[in-house]
Amino acid sequence: MYREFKHLNLPAIDAEILQFWQDNQIFEQSVAQRSADQSFVFYEGPPSANGKPGIHHVMARTVKDIFCRYHTLKGYRVERKGGWDTHGLPIELQVEKELGITKEDIGKKISVDDYNHACRSTVMRYKDLWDDITRRMGYWVDLDNPYITFENNYIESVWWLLKRLYDKKTDAGQSFLYKGFTIQPFSPAAGTGLSTHELNMPGCYKEVTDISVIAMFKVRQTAASKALFDTADEDVRILAWTTTPWTLPSNVALTVGPEIDYVKVQTFSPYNALPVCVVLAKNRLSAYFNPEHADLPLVPFDTAEKKPAIPYRVVKTIKGKDLAGIQYEQLMPFVTSPELDAAAFRVITGDFVTTEDGTGVVHTAPYFGADDMRVAREAGIPMIGIPNEKNPALPFPLVDRQGKFVEELGEEFGGRYVKAEYYPKEVSSQKEFKSTDLLISLRLKEDNKAFKIEKYAHNYPHCWRTDKPVLYYPLDSWFVRASAAKDRMSELNKTINWQPESTGTGRFGQWLDNLQDWNLSRSRYWGVPLPIWRTEDGEEEICVGSVADLSTLVDQAVAAGVMTENPYRLATAANGEFDLHRPYIDDILLVSPSGKPMRRELDLIDVWFDSGAMPYAQWHYPFENQEAFQRNFPADFIAEGVDQTRGWFYTLHAIAVMCFDSVAFKNVVSNGLVLDKEGNKMSKSKGNVVDPFETIAAYGADATRWYMLANASPWDNLKFSAEGILETRNKLFGTLYNTYNFFALYANLDGWKADEQNVMPYAERSELDRWIISRLYSLVAEYRAEMDQYEPTRAARAIESFVDEHLSNWYVRLSRRRFWKGEMNDDKEAAYQTLWECLLVTNQLMCALAPFFSDWMYRNMTASIRANAIANHTPLRHESIHLGDLVLPDPSKIDRSLEKRMDYAQRICSLAFSIRKREKLRVRQPLQKVLLPVLDEAFIHEVDGVKDLILGEINVKELEYVTDASGLLKKGAKANFKTLGGKLGKDMKDAAAVVAGLTNEQISAIEQSGTLRVTINGNEYTLTPEDMILSTEDLPGWKVASDGRLTVALDVMMSDDLLAEGVARDLVSVIQKIRKDKDFQVTDRVVVTVEVHPFMQQVVAQHGDYIKGETLADTLVFTDQVHADLVEVSDGISLHLDVRQS
RNA sequence: AGGGCUAUAGCUCAGUUGGUUAGAGCGCUACACUGAUAAUGUAGAGGUCUCCAGUUCAAAUCUGGAUAGCCCUACCA
């Protein structure tokens, strides 16, 4: 027996199948039963379990799941090791928030040890929720043996990779892991430098309005500046613009573009009307001087005026390169020295200078700008800062690590935060509060050093956690020399199949083309410690690549007396593990070859390195599992959100290329965002976050999964709507469910059972059967092609249209009668076998995307033959659909011409229905004849094959073909623009009119002779039949409908016989309806009594056997005593009618 | 700020190398059909294919520009 159901309940199916999978270890079996020799490698991008799973995770994981399942079905072994990302700033910040501490408190109020324990206990906080959503959504991944990035083994592998980079040298002999000093984004609030990845997190660049100032730098009269001066006592100033006035005390140079034209302008200082000459780029002149004022007499304007007209004269033009070397007076001499004065405060050139903004002169403060640092170094300009005895070339910057000015800036500015956002809200929101930028600007104005102060809106990066602006700040850091591997990374990237392609070539490719070195350092506590030890003078250093090496080195340190004992050996002896995290690792001192103590560099590494190291570290490679690693590298497939392009996708790629000269993954799908219904980002504050648990509980996992992938390509953003899921549920799953229930109902009645060993040859089945089989195997081919190209949406839509259009609405609809009519015979057997095969194969195609429903139906359909299948070792021996082999595409089962014939049938029926509708002729009313104008030779043959189907479907007695010879056709011709366009060119339009005006005779003539000569605009052309699209416009006297070339005409003449037959069918319909209303079984026999009615009696006399046969009526009698309601049987015929079980 | 992607019916989306009536589903309206019935069919309403210009006999499609949204890149002062 096949199970029958009352209603479709997807969540109940989820529960039933989940239990089944669990009880029978289906996932484990699906992996284990495949040979390890043929593996499809998937890498799981580790989520962080310190946040709750969201609906977007369901999206991303559905993408991962379906391709893993698909390849499993194709016979691959797909091991899917889960993983957890456990380190990093988000976790630290969360812990700080919960403990109510800041970074400064770590090591003071709370020990590093306790702090790290707090982190460790936080990172798996929501693991249960994650495991739960993983199960419920049907994501198959091995959660029993996940890799966890904080475990010693994982860290050791990361160390090994770092050492590999440390030992690897460029052609120039530079190490791939090096310590550098650069200007980096730095978040004083978070107390750490930020990686470019972090800076590129969404929302980090914000439009902010800052105070900008154009400062006037007073030029000194020297040999270099001689050309600028026309008189000895002139006050010549160079104008330079900045949006960060707080960097002005650190100014050491002005950068100009070497080829840019600059002008010297004689004018008056805008704030006090003092005479001055200013220098700025010629292109920028109009931004600050009104051309209408160029001819005003050169006299001071009235400063009391609101918008004074400031007179000016351009007195000189000079190229940027000729300005180089000019010295100027230090703008804000808080910190200075004779050496500084001699070497700094000069004009230098830089190729990055443009004239789009500002004055074409760039204020240069090397400590607070990467470009600034580069040009200043090239020009040999010293830094400005507090003297540093250890390294005189690198004095300490004028801003400390909290983002405050140092005390040396005096009472006015010392101790002030340079950005207003760093002050507590209580301070910065006060009315009298003035930002440091503003105070500096006002100071300059007062000192006659400001040319213009104004607000300026621009994008500025903000710390992704603290939401406060970052500073660019000089920091010591360890770098991975990624730029040295740039070309190789680009080259190997071209071998990766990106989906969508544009992410790989565009977004990722362009990123690689402009690759900078990867800043690994993080001054934090909870992460992988950098395994580098250095002597205090930095002369000797060692990079440790394994725990064993470390232990050996510690032994040496103990021997040298630098350490008293080896904690690693102590821990091992006590059967424990020496925690590789801080603070323990910091207590380890090593001894240098020359006998000096070495301390660990205190930095941790970027967590992105952790996750990018997972191909190796998940196996504890190379210390263990060498074989497993070899088998699983590189990945065949990975998938994550597109936001990982510069994150995980990059770090995987970078490490693989640098350490193994290989790609890390061959195929990658990047999915887009999941937005709310309106297209807004989901966020807690907006309250539009969709709870994945609720969604799956309400609609089932399959409908949710299917909706997410079928609605739009996964790389397009998804506007998530519950109605969409509902639609998927009804349309796809509802239809399949109905189809199954229909099958089960009759298969149970007939006791039909599939027999894999005894399949009826297709050749012996009907046209309709062979058609749906052809369609089915066309679908198999299409599905596999799309999935092989990582096009899940196209694959899903192909299945949808097959189920809806072909299987349900054509095959089943036209076949229904075969299932319920009569005893078992060959035709019925063929129908069962065909529908059975369609359902089974469709389910198998669906099962990667809808794993629950398809397994459920599979099990319902195959349970009764399982024992047989196992005994005979046939394909259906598997207890789960996920253990089977994907059906192979089979061209021999595809019959294109049959598909074309059936397409004719469908279209002809559709046209006939539309005529009936227009003429108000119900389908139950038989009609005598349908006429089909013949399109071409093959047409008759093709339509004949499906003639009976058509006649049955549209309830017409006969079909007749009409040709020209009949003289009935009125033909029309339309120009075929595609073929004619090239030939005719400009005459195309006129030709179209000529073709449209062809008469019946002309058209017939062309069809016979094959050519037509026409003259258009004096040009002569020869047209062939291919150049026009012929159609039947009308059959005068007939009811006609047409679709493209296809035309259908219906004979709507009614005879008494036809009328009687129509009424007979109406009567059948009414009786059936009553049977149904009374809940009779479909096999119950009945007795029908009908009120005496002469016409009806005549109908029954003619069609009584038919009516009784259709309705399973034993008797049909007319009497005056019918105790039943009045029913309308047909137009104008209402009578009392009773149906009872006999 | 630059680069990329997107823009088609009220909504979600198709639309092949340019080709003349721009499609589907949902929703709405009417009518049918129904021994699958929380289904189905037929028809109707609903479009300046975001806008402007160009190339072309012909543009939703190709080119340039604009606008909007998103993503990415970027301390250009």
Side-chain angles (χ1 to χ4, degrees), chain A residues 7-8 183 185 196 199-200 202 205 212 240-244 247 254-255 350 352-354 356-365 368-372 458-461 470-472 500 502-503 506-508 510-511 514 642-643 645-646 672-673 675 677 679 681 711-712 715-717 719 721 723-724 726-727 730-731 734-735 737-743 745-746 793 797 800-801 804 808-809 812-813 816-817 819-820 909-910 913-918 920 922-924 974-982 984-992 1069 1072-1073 1075-1076 1080 1082 1110-1112:
Chain A
H7 295 292
L8 172 62
I183 309 306
T196 40
L199 217 53
N200 292 329
Y205 279 84
S212 75
W241 179 62
T242 180
T243 54
T244 53
T247 60
L254 294 173
T255 308
F352 62 91
V353 180
T354 70
E356 277 155 35
D357 270 316
T359 61
V361 182
V362 177
H363 144 64
T364 305
F368 306 112
D371 275 339
D372 300 33
H458 63 150
N459 277 318
Y460 197 83
V470 304
L471 297 183
Y472 286 83
S502 61
T503 303
R507 188 173 291 188
F508 193 63
Q510 281 172 22
W511 156 264
N514 299 305
V642 69
D643 51 327
T645 307
R646 268 80 172 189
L673 301 170
L675 309 169
K677 220 178 131 182
K681 248 187 201 176
N711 187 65
W715 35 90
D716 290 334
N717 290 346
K719 288 185 194 164
S721 91
E723 289 93 77
L726 214 55
E727 192 180 321
N730 289 342
K731 191 94 190 153
T735 303
Y737 162 85
N738 277 336
T739 307
Y740 166 77
N741 249 6
F742 172 84
F743 163 82
L745 175 68
Y746 294 106
T793 307
R797 287 176 178 172
E800 281 178 355
S801 88
D804 185 41
S808 172
N809 279 320
V812 174
R813 197 153 59 84
R816 277 181 301 199
R817 197 177 173 80
F819 289 91
W820 52 262
C909 289
S910 175
F913 282 136
S914 100
I915 298 170
R916 275 180 172 275
K917 154 81 187 159
R918 201 174 28 175
K920 298 199 194 304
R922 63 190 191 282
V923 181
R924 268 199 301 270
K974 245 171 29 177
N976 180 353
F977 283 76
K978 215 162 190 170
T979 60
L980 282 176
L984 302 191
K986 279 190 205 282
D987 293 329
M988 186 65 231
K989 255 181 190 156
D990 297 318
S1069 169
Q1072 301 291 26
K1073 198 168 175 168
R1075 286 181 60 112
K1076 187 144 200 204
F1080 292 173
V1082 290
E1110 289 294 307
T1111 58
L1112 301 187

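Atoms considered below: every heavy atom in the structure, side chains included; atoms not considered: hydrogens, waters and symmetry mates. Nothing here was measured: the structure is a model prediction, and the numbers come from that model. Quick note on labels: first sequence line is chain A, next is B, and so on, each numbered from 1.
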**Report entry** Residue closer to the 5' end of RNA chain B, A:Tyr737 versus A:Val923 (nearest nucleotide)
**Finding:** A:Val923
Query raised in the report: So which nucleotide does B:U56 pair with, by the Watson-Crick or G-U wobble rule with both distances under 3.5 Å?
Result: none
Query raised in the report: Taking the same atom, P, in B:U61 and in B:U50, what whole-Å distance lies between them?
Result: 8 Å
Report task. Let me know the distance between CG of A:Leu673 and P of B:C70, rounded to the nearest Å. Result -> 11 Å
Report summary line: A:Glu723 CD to B:C26 P, in whole Å, measures 14 Å
Query raised in the report: For A:Phe1080, what residues pass the ring pair (Phe, Tyr, Trp, His ring centres under 6.0 Å) criterion, not counting sequence neighbours?
Result: none
Report summary line: Between CZ of A:Phe508 and P of B:C72 the distance, given in whole Å, is 15 Å
Query raised in the report: So which nucleotide does B:U21 pair with, by the Watson-Crick or G-U wobble rule with both distances under 3.5 Å?
Result: none
Report summary line: To the nearest angstrom, the CZ-P distance between A:Phe368 and B:C76 comes to 17 Å
Query raised in the report: Looking only at atom C1', what distance separates B:U42 and B:U55, rounded to whole Å?
Result: 44 Å
Query raised in the report: If you check the A:Arg922 side chain, which of B:A74, B:A32, B:A36 turns out closest?
Result: B:A32
Report task. Could you measure between the two P atoms, the one in B:U8 and the one in B:U48, and give it in whole Å? Result -> 11 Å
Query raised in the report: According to the interplanar angle, ranging from 0 to 90°, do the rings of A:Phe819 and A:Phe742 count as parallel (below 30°), tilted (30 to 60°) or perpendicular (above 60°)?
Result: perpendicular
Query raised in the report: Should A:Asn711 be listed as having a side-chain N or O under 4.0 Å from OP1 or OP2 of B:C13?
Result: yes
Could you write out each protein N or O paired with an N or O of nucleotides 41-47 of chain B at a distance under 3.5 Å?
none

Requested in this report: Using whole Å, report how far CZ of A:Phe742 lies from C1' of B:A39.
Outcome: 13 Å
Report task. Please determine, for B:A38, whether a Watson-Crick or G-U wobble partner exists with both distances under 3.5 Å, and give it or none. Result -> none
Query raised in the report: If we take the C1' atom in both B:G18 and B:A58, what is their distance in whole Å?
Result: 8 Å
Query raised in the report: Closest approach of A:Thr359 and A:Ala240, non-hydrogen atoms and distance?
Result: OG1-CA, 3.5 Å
Query - Minimum-distance pair of heavy atoms, taken over all atoms of A:Asn717 and A:Leu673 - result: OD1-N, 2.9 Å
Could you list the protein-to-nucleotides 57-62 of chain B atom pairs, N/O on both sides, closer than 3.5 Å?
residue	atom	partner	partner atom	Å
B:C57	O4'	A:Gly985	O	3.1
B:C57	O4'	A:Lys986	N	3.4
B:C57	N1	A:Gly985	O	3.1

Query - C1'-based separation of B:U40 from B:C26 [nearest Å] - result: 15 Å
Query raised in the report: Hey, does A:Arg916 reach any base, or is it just sugar-phosphate, or nothing, if we go heavy atoms under 4.0 Å?
Result: nothing
Report task. Compare the minimum distances between each of B:U73, B:A36, B:A38 and the side chain of A:Ser808, then state the nucleotide with the smallest one. Result -> B:A36
Report task. Please tell me which of A:Asn717 and A:Gln1072 maps to the more 5' nucleotide of RNA chain B, matching each residue to the nucleotide holding its nearest heavy atom. Result -> A:Gln1072
Report task. Take the protein atom CG of A:Asn730 and the nucleotide atom P of B:G25, then report the distance between them rounded to whole Å. Result -> 15 Å
Query raised in the report: Does any nucleotide pair with B:U16 by Watson-Crick or G-U wobble geometry, both distances under 3.5 Å, and what is it?
Result: none
Query raised in the report: Heavy atoms under 4.0 Å, any strand shown: does A:Leu254 hit a base, just sugar-phosphate, or nothing?
Result: nothing
Report task. Give A:Thr739 one of three labels, base, sugar-phosphate or nothing, depending on what nucleic acid heavy atoms sit under 4.0 Å from its own. Result -> base
**Report entry** B:G23 and B:C62, which share atom name C1', separated by this distance in whole Å
**Finding:** 22 Å
**Report entry** Value rounded to 0.5 Å, distance of CG in A:Asn711 from CZ in A:Arg797
**Finding:** 7.0 Å
**Report entry** Least distance between heavy atoms, A:Arg1075 atom then A:Leu1112 atom
**Finding:** NH1-CB, 3.6 Å
Query raised in the report: With rounding to whole Å, what would you report as the distance between B:A30 and B:G46 at their C1' atoms?
Result: 16 Å
Requested in this report: Please tell me which of the listed nucleotides, B:A38, B:C26, B:C33, lies nearest to the side chain of A:Glu727?
Outcome: B:C26
Query raised in the report: In the strands shown, is B:G2 matched to any nucleotide by a Watson-Crick or G-U wobble pair with both distances under 3.5 Å, and which?
Result: B:C72
Query raised in the report: Where is the tightest heavy-atom contact between A:Thr247 and A:Ala365, given as atom of each residue plus distance?
Result: O-CB, 3.8 Å
**Report entry** Pairing nucleotide - B:G44, Watson-Crick or G-U, each distance under 3.5 Å
**Finding:** B:C28
Query - Spacing of A:Asn738 atom CG and A:Leu8 atom CG [to the nearest 0.5 Å] - result: 8.5 Å
Query - Partner residues of A:Thr735 under the side-chain contact (heavy atoms from CB on, under 4.5 Å) criterion, sequence neighbours left out - result: A:Thr739, A:Val803, A:Ser808
Mind listing the N/O atom pairs, protein and nucleotides 2-10 of chain B, below 3.5 Å?
residue	atom	partner	partner atom	Å
B:G3	O2'	A:Gln510	OE1	3.4

Report task. State whether the side chain of A:Tyr737 and the backbone N or O of A:His7 hold a donor-acceptor pair below 3.5 Å, judged by distance alone. Result -> yes
Query - Rounded P spacing from B:A22 to B:A66 in Å - result: 31 Å
Report task. List for me each residue that meets ring pair (Phe, Tyr, Trp, His ring centres under 6.0 Å) alongside A:Tyr740, sequence neighbours excluded, and say none if there are none. Result -> none
Query raised in the report: Does a side-chain heavy-atom distance below 4.5 Å link A:Phe913 with A:Val923?
Result: yes
Requested in this report: Name the closest nucleotide to the A:Ala712 side chain, picking from B:C13, B:U17, B:U12.
Outcome: B:C13
Query raised in the report: Between B:C76 atom P and A:Ile183 atom CD1, what is the distance in whole Å?
Result: 15 Å
Requested in this report: Please round to the nearest 0.5 Å and tell me the distance separating atom CG of A:Asp804 and atom NZ of A:Lys731.
Outcome: 4.0 Å
Query raised in the report: Can you check whether A:Glu1110's main-chain N or O pairs, donor with acceptor, with A:Gln1072's side chain at less than 3.5 Å?
Result: yes
Report summary line: A:Glu800 atom CD is separated from B:U12 atom P, nearest whole Å, by 17 Å
